[in-house]
Chemist: 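Questions regarding the structure given below will be posed in turn.
The chain is numbered in sequence order, starting from 1. Only a predicted model underlies this, so the values are computations on that prediction, with no experimental measurement involved. Excluded from the calculations below are hydrogen atoms, water molecules and symmetry mates; all remaining heavy atoms, backbone and side chain alike, are included.
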Amino acid sequence: MANDNHLFPVPCYNGTMLKQDYYNDFFDFGQQKINFSFFELHLPDDDPVYTLKKVMEELDFSGLLACCSDQGRTGYNPIMLYAVVTYANMRGIRAVDRIVELCERDLAFIWLTKGQRPRRDAFYDFKGKKLTGEILDELNYQFLRRLKKEGLLTLRELFIDGTKIEANANRYTFVWRGSLNYHLAGLLDTIDALYAAYNALLHENGYGPKYDLGDARMFVVEGMDKVRRVIEENRKRKLTKHKKISNNTVIEIDGCSPLEILKLQKNLKTIAEGEGIGFVYGKGQRKPEIQKLYEELETCGSRLMEYKEHFEIMGKGRNSYSKTDLEATFMRMKEDHMLNGQLKPAYNVQIAVENYFIVHSYVSSDRTDYNTLIPVLEKHRKAFGEDLKEETNENIQNEEGILKRQTRSIQTEGHFGDIKENENFRRFHYRSKEKVYKAFMLYAIGRNIMKYHRFLHHEIEKYEGKKEQKTA
């Protein structure tokens, strides 16, 4: 194999290189290959980099190249950058600084880059702006179709499971729904009292008819009655030293408008100007009652806006999030170094596996797997046109169903064991669901190609499934 794979000379780019040139440059169509025997002597014939190049020769990179501009100065070949990042993931390397170092010192990386030395900014720009989740999915699906032609996959049988991987977020930047509900209840009581004070001000001084102002009506927030009942119950439990119950009621925050408070502030300003009442500031100044009411409404309006933003970020499907990664949810992890059941910001990562290959991955903010199955099945239907039917309880309980369930644990749990224990992939280094998904997909693609390399070299064999049920 070494005779067909040589280290190529460093190309010189100009500013008008067309996208087709990226293909010609990386795969050397129509170009003379130059033999560097020194590198061939030290790069083994069975190095996985050759398998990667073989796989990439049949991939369509039009989606990736569509994100590259033909205008201005041409940067590094995006196909080459993709190859380098993928090969790094095949070897369990995810840190960009480490990849940059290997491009200068490792023969396989030098072979892929043809002696170029892309810096960290080039990789960050490539991974952040040119690579998308859709592009990575499509490149993975192209490779899986090849595996189907070679008989390694059927794409008609998936084994799905999930795990939780810690997010790149501070562990103590949590926002809890129960805490928000508790403080919102107190805030609404304060606002209700201020509305009453506003109406009393209008009636006692005759400002209503004089300035054509009506009474203020407190807005109703659906679900707050239940929140208040839980708060009262927890107060009783605290006295009797019983455990508190959760207060994670999802309330309809849309009816809670800070704009209504702003209207009252404008009305108070109008009254103050009409009555010649000036607002005063600084020490030794006695504020008029209308100014005190105005400032209290302003404080409550700001707090109400803050709470509303928290609820909108959190949504209705989860009860927490992290301030440093808004899409990360606090979950109970198996790794509990403090031994106190501490919750950590994390993502729920689902994989769909067949014959050791990761067919799909799905990253979610859900703490459980209840809402993750349908999205994975939808991805499979759109990618391969296969509509996998849900098995009934009867099919799961029969002999074949029991064997399939045992196979699921073998197929998926083996991946998670490798991911967390052998590869030490326990924490994401990026923030936001989009970047986290891209990081995991790069890992999955690298892992799939490495599995394919091991199949080609007979290091592993196709999994034929369990033939009989294990008996005790």
Chemist: Does some side-chain heavy atom of Tyr141 sit less than 4.5 Å from a side-chain heavy atom of Leu144?
Modeler: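 They are in contact (side-chain heavy atoms under 4.5 Å apart), so the answer is yes.
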
Chemist: Let me confirm one number: the CD-OG1 distance from Glu354 to Thr154, rounded to the nearest 0.5 Å.
Modeler: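 So the CD of Glu354 and the OG1 of Thr154 are separated by 3.5 Å.
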
Chemist: Using only heavy-atom distances, determine whether the side chains of Asp125 and Tyr76 contain a donor-acceptor pair under 3.5 Å.
Modeler: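 No, no side-chain donor-acceptor contact under 3.5 Å.
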
Chemist: For Asp161 and Gln350, indicate whether the former's side chain and the latter's backbone hold a donor-acceptor pair under 3.5 Å.
Modeler: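 The answer is no, because no donor-acceptor pair under 3.5 Å joins these two groups.
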
Chemist: Decide whether Ser322 and Thr173 meet the rule of one side-chain donor and one side-chain acceptor closer than 3.5 Å.
Modeler: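 There is such a pair (donor and acceptor under 3.5 Å, judged by atom type) between the side chains of Ser322 and Thr173.
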
Chemist: Is there a donor-acceptor contact under 3.5 Å from the side chain of Ser302 to the main chain of Glu298?
Modeler: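 Yes.
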
Chemist: Got a second to check how far Ile253's CD1 is from Lys308's NZ, nearest 0.5 Å?
Modeler: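 It is 6.5 Å, given to the nearest 0.5 Å.
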
Chemist: Of Tyr172, Trp176, Tyr321, which meets ring pair (Phe, Tyr, Trp, His ring centres under 6.0 Å) against Phe330?
Modeler: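 Of Tyr172, Trp176, Tyr321, ring pair (Phe, Tyr, Trp, His ring centres under 6.0 Å) with Phe330 is met by Trp176 alone.
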
Chemist: Using the salt bridge (Lys or Arg N to Asp or Glu O under 4.0 Å) rule, take Glu327 and Lys435 through it: C-alpha gap first, then chi angles, then the decisive distance, then the call.
Modeler: CA-CA 11 Å; Glu327 295 180 283; Lys435 293 180 179 180; over 6 Å; no

Chemist: Determine whether Glu138 and Phe61 satisfy the following criterion, side chain to side chain contact (heavy atoms under 4.5 Å, CB included), listing intermediate values before the conclusion.
Modeler: CA-CA 9 Å; Glu138 180 54 33; Phe61 288 95; over 6 Å; no

Chemist: Using 4.0 Å as the upper bound for N to carboxylate O, is an ion pair formed by Arg381 and Glu378?
Modeler: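 Looking at Arg381 together with Glu378, the answer is yes, because their closest N to O distance falls below 4.0 Å.
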
Chemist: Salt bridge or not for Arg146 and Glu58, using N-O below 4.0 Å?
Modeler: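 Result for this pair is yes, salt bridge flagged.
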
Chemist: Any luck finding a side-chain donor-acceptor pair between Asn448 and Asn140 under 3.5 Å?
Modeler: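 The criterion, which ignores hydrogens and geometry beyond distance, is satisfied for Asn140 and Asn448.
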
Chemist: Looking at side-chain heavy atoms only, is the closest gap between Ile79 and Tyr82 below 4.5 Å?
Modeler: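 No - every pair of side-chain heavy atoms lies 4.5 Å or more apart.
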
Chemist: Checking the side chain of Lys379 only, and the main-chain atoms of Ser361 only, is there a donor and an acceptor separated by less than 3.5 Å?
Modeler: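 Yes, the answer is positive, given that a donor and an acceptor are paired below the 3.5 Å cut-off.
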
Chemist: Are the side chain of His429 and the backbone N or O of Ala167 linked by a donor-acceptor pair below 3.5 Å?
Modeler: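 Not at all, since once roles are kept as given, no pair shorter than 3.5 Å links the two residues.
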
Chemist: If we only count heavy atoms from C-beta on, is the Asp189 to Arg228 side-chain gap below 4.5 Å?
Modeler: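 Yes; the side chains approach each other to less than 4.5 Å.
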
Chemist: Where the side chain of Glu166 meets the backbone of Lys344, is there a donor-acceptor pair that is under 3.5 Å apart?
Modeler: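 The answer is no, because no donor-acceptor pair under 3.5 Å joins these two groups.
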
Chemist: Stepwise, does the side chain to side chain contact (heavy atoms under 4.5 Å, CB included) test hold for Arg447 with Tyr443?
Modeler: CA-CA 6 Å; Arg447 184 177 178 82; Tyr443 170 81; 3.4 Å; yes

Chemist: Going by an N to O cut-off under 4.0 Å, is there a salt bridge joining Lys382 and Glu134?
Modeler: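 Looking at Lys382 and Glu134, the cut-off is not met.
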
Chemist: Please give me the minimum heavy-atom distance between Arg431 and Asn168, naming the atom from each residue.
Modeler: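 Nearest heavy atoms, Arg431 then Asn168: NE-O, 2.5 Å.
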
Chemist: Between Tyr452 and His457, do the side chains contain a donor N or O and an acceptor N or O under 3.5 Å apart?
Modeler: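 Side-chain D/A pair, His457 to Tyr452: absent.
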
Chemist: Taking atom types as modelled, find out whether Tyr307 and Arg303 have a side-chain donor-acceptor pair closer than 3.5 angstrom.
Modeler: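 The answer is yes; a qualifying pair exists.
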
Chemist: Is there a donor-acceptor pair closer than 3.5 Å between any side-chain N or O of Arg237 and the backbone N or O of Lys244?
Modeler: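 The answer is no, because no donor-acceptor pair under 3.5 Å joins these two groups.
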
Chemist: Strictly by modelled atom types, are Lys127 and Tyr430 linked by a side-chain donor-acceptor pair under 3.5 Å?
Modeler: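 Judged by distance alone, the side chains do pair up.
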
Chemist: Using a strict 4.0 Å threshold on nitrogen-to-oxygen distance, state whether Arg318 and Asp366 make a salt bridge.
Modeler: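 Salt bridge: no.
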
Chemist: Does the side chain of Asp369 come under 3.5 Å of the side chain of Asn348 through a donor N or O and an acceptor N or O?
Modeler: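 Note: Asp369 and Asn348 side chains meet the donor-acceptor criterion.
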
Chemist: How far does CG of Asn181 sit from CG of Asn247, to the nearest 0.5 angstrom?
Modeler: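 It comes to 5.0 Å.
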
Chemist: Once you measure the plane-to-plane angle for Phe455 and Tyr356, does it fall in the parallel (<30°), tilted (30-60°) or perpendicular (>60°) bin?
Modeler: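 Rings of Phe455 and Tyr356: tilted, as their planes differ by 30° to 60°.
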
Chemist: Looking at CG of Asp225 and CD1 of Ile251, how far apart are the two atoms once the value is rounded to the nearest 0.5 Å?
Modeler: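 Rounded to the nearest 0.5 Å, the CG-CD1 separation comes out at 11.5 Å.
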
Chemist: Is there a side-chain contact between Cys300 and Leu194 in this structure, where contact means two heavy atoms from C-beta onward sitting under 4.5 Å apart?
Modeler: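 Cys300 reaches Leu194 side chain to side chain.
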
Chemist: Does the side chain to side chain contact (heavy atoms under 4.5 Å, CB included) test come out yes or no for Phe159 and Asn355, once each step is laid out?
Modeler: CA-CA 9 Å; Phe159 301 95; Asn355 192 27; over 6 Å; no

Chemist: Is it true that, when you exclude Glu222 itself, more than 12 heavy atoms of the residues, nucleotides or ligands shown sit nearer than 6.0 Å to its CD?
Modeler: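 At most 12 heavy atoms, drawn from other residues, nucleotides or ligands, come within 6.0 Å of this atom.
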
Chemist: Could you tell me whether the side chain of Val84 reaches within less than 4.5 Å of the side chain of Cys103, counting heavy atoms only?
Modeler: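 With C-beta onward as the side chain, the pair touches.
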
Chemist: Working to the nearest 0.5 Å, report the span between CE of Met441 and CG of Asp137.
Modeler: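 Reported value, rounded in 0.5 Å steps: 5.0 Å.
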
Chemist: Hey, does the side chain of Gln411 reach the backbone of Val353 with a donor-acceptor pair shorter than 3.5 angstrom?
Modeler: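 Answer holds: no.
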
Chemist: Any salt bridge linking Lys236 with Glu233? Criterion: basic side-chain nitrogen under 4.0 Å from a carboxylate oxygen.
Modeler: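 No, this pair does not count.
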
Chemist: Does either side chain, that of Lys420 or that of Thr163, offer a donor lying less than 3.5 Å from an acceptor on the other one?
Modeler: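 Thr163 and Lys420 do have a side-chain donor-acceptor pair below 3.5 Å.
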
Chemist: For the residue pair Ala352 and Val376, what are the closest heavy atoms and their distance?
Modeler: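 Here Ala352 and Val376 meet closest at CB-CG1, 4.0 Å.
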
Chemist: Do Lys148 side-chain atoms and Leu155 backbone N/O form a donor-acceptor pair below 3.5 Å?
Modeler: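 Judged by distance alone, no pair lies under 3.5 Å.
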
Chemist: Please check if any side-chain donor atom of His310 sits under 3.5 Å from a side-chain acceptor atom of Arg177, or the reverse.
Modeler: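 Not at all, the side chains of His310 and Arg177 share no donor-acceptor pair under 3.5 Å.
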
Chemist: Using only atom types and a distance under 3.5 Å, with no angle test, would you say the side chain of Glu434 pairs donor to acceptor with the backbone of Gly133?
Modeler: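 Such a contact is absent between Glu434 side chain and Gly133 backbone.
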
Chemist: Minimum heavy-atom separation for Ile261 and Leu297, please, with both atom names.
Modeler: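 So the minimum-distance heavy-atom pair works out to CG2-O, 3.3 Å.
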
Chemist: Which heavy atom of Lys164 sits nearest to which heavy atom of Arg367, and what is that distance?
Modeler: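 Looking at all heavy atoms of both residues, the shortest contact is CE-O, 3.3 Å.
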
Chemist: Looking only at heavy atoms, what is the nearest atom pair of Leu52 and Met90, with distance?
Modeler: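 Heavy atoms of Leu52 and Met90 come nearest at CB-SD, 4.1 Å.
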
Chemist: Salt bridge or not for Asp106 and Arg91, using N-O below 4.0 Å?
Modeler: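 Salt bridge between Asp106 and Arg91, a charged N being under 4.0 Å from a carboxylate O: yes.
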
Chemist: Is it the case that the side chain of Asn248 and the backbone of Asn319 share a donor-acceptor pair, with hydrogens and angles ignored and the cut-off at 3.5 Å?
Modeler: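 Side chain of Asn248 to backbone of Asn319, a donor-acceptor pair under 3.5 Å: no, none is there.
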
Chemist: So, are Arg426 and Glu421 salt-bridged, with charged N and O less than 4.0 Å apart?
Modeler: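 Between Glu421 and Arg426 there is a salt bridge, with a charged N closer than 4.0 Å to a carboxylate O.
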
Chemist: With a 4.5 Å heavy-atom cut-off, do Glu413 and Phe416 have their side chains touching?
Modeler: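 Side-chain contact under 4.5 Å: yes.
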
Chemist: Determine, step by step, whether His453 and Ile449 satisfy the side chain to side chain contact (heavy atoms under 4.5 Å, CB included) criterion, reporting the C-alpha distance in whole Å, the side-chain angles of both residues, the deciding distance to 0.1 Å, and the verdict.
Modeler: CA-CA 6 Å; His453 172 77; Ile449 298 177; 5.7 Å; no

Chemist: Considering only NZ, NE, NH1 and NH2 on the basic side and carboxylate oxygens on the acidic side, decide whether Arg229 and Glu232 come within less than 4.0 Å.
Modeler: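 Answer for the salt bridge query: no.
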
Chemist: So do Asn170 and Lys323 actually touch side chain to side chain, heavy atoms under 4.5 Å?
Modeler: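 In short, these two side chains do not touch, never coming nearer than 4.5 Å.
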
Chemist: Can you tell if the side chain of Tyr362 reaches within under 4.5 Å of the side chain of Ile351, non-hydrogen atoms only?
Modeler: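 In short, these two side chains do not touch, never coming nearer than 4.5 Å.
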
Chemist: Looking only at side-chain N and O atoms, does Asp47 offer a donor or acceptor that is under 3.5 Å from a partner on Tyr87?
Modeler: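 There is such a pair between these side chains.
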
Chemist: Heavy atoms only: give me the nearest Pro78-Leu65 pair and the separation to one decimal.
Modeler: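 Nearest pair, atom of Pro78 first, then Leu65: CG-CD2, 3.5 Å.
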
Chemist: Should we say atom CZ of Phe219 is surrounded by more than 12 heavy atoms from elsewhere, each under 6.0 Å from it?
Modeler: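 Yes, because the 6.0 Å sphere around CZ of Phe219 holds more than 12 heavy atoms from other groups.
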
Chemist: Do Asp325 and Tyr347 have side-chain atoms, one donor and one acceptor, less than 3.5 Å apart?
Modeler: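 A pair is found: one side chain offers a donor N or O, the other an acceptor, under 3.5 Å apart.
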
Chemist: Just checking, Arg94 and Phe425: is the charged tip under 6.0 Å from the six-membered ring centre and within 45° of the axis?
Modeler: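 Yes.
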
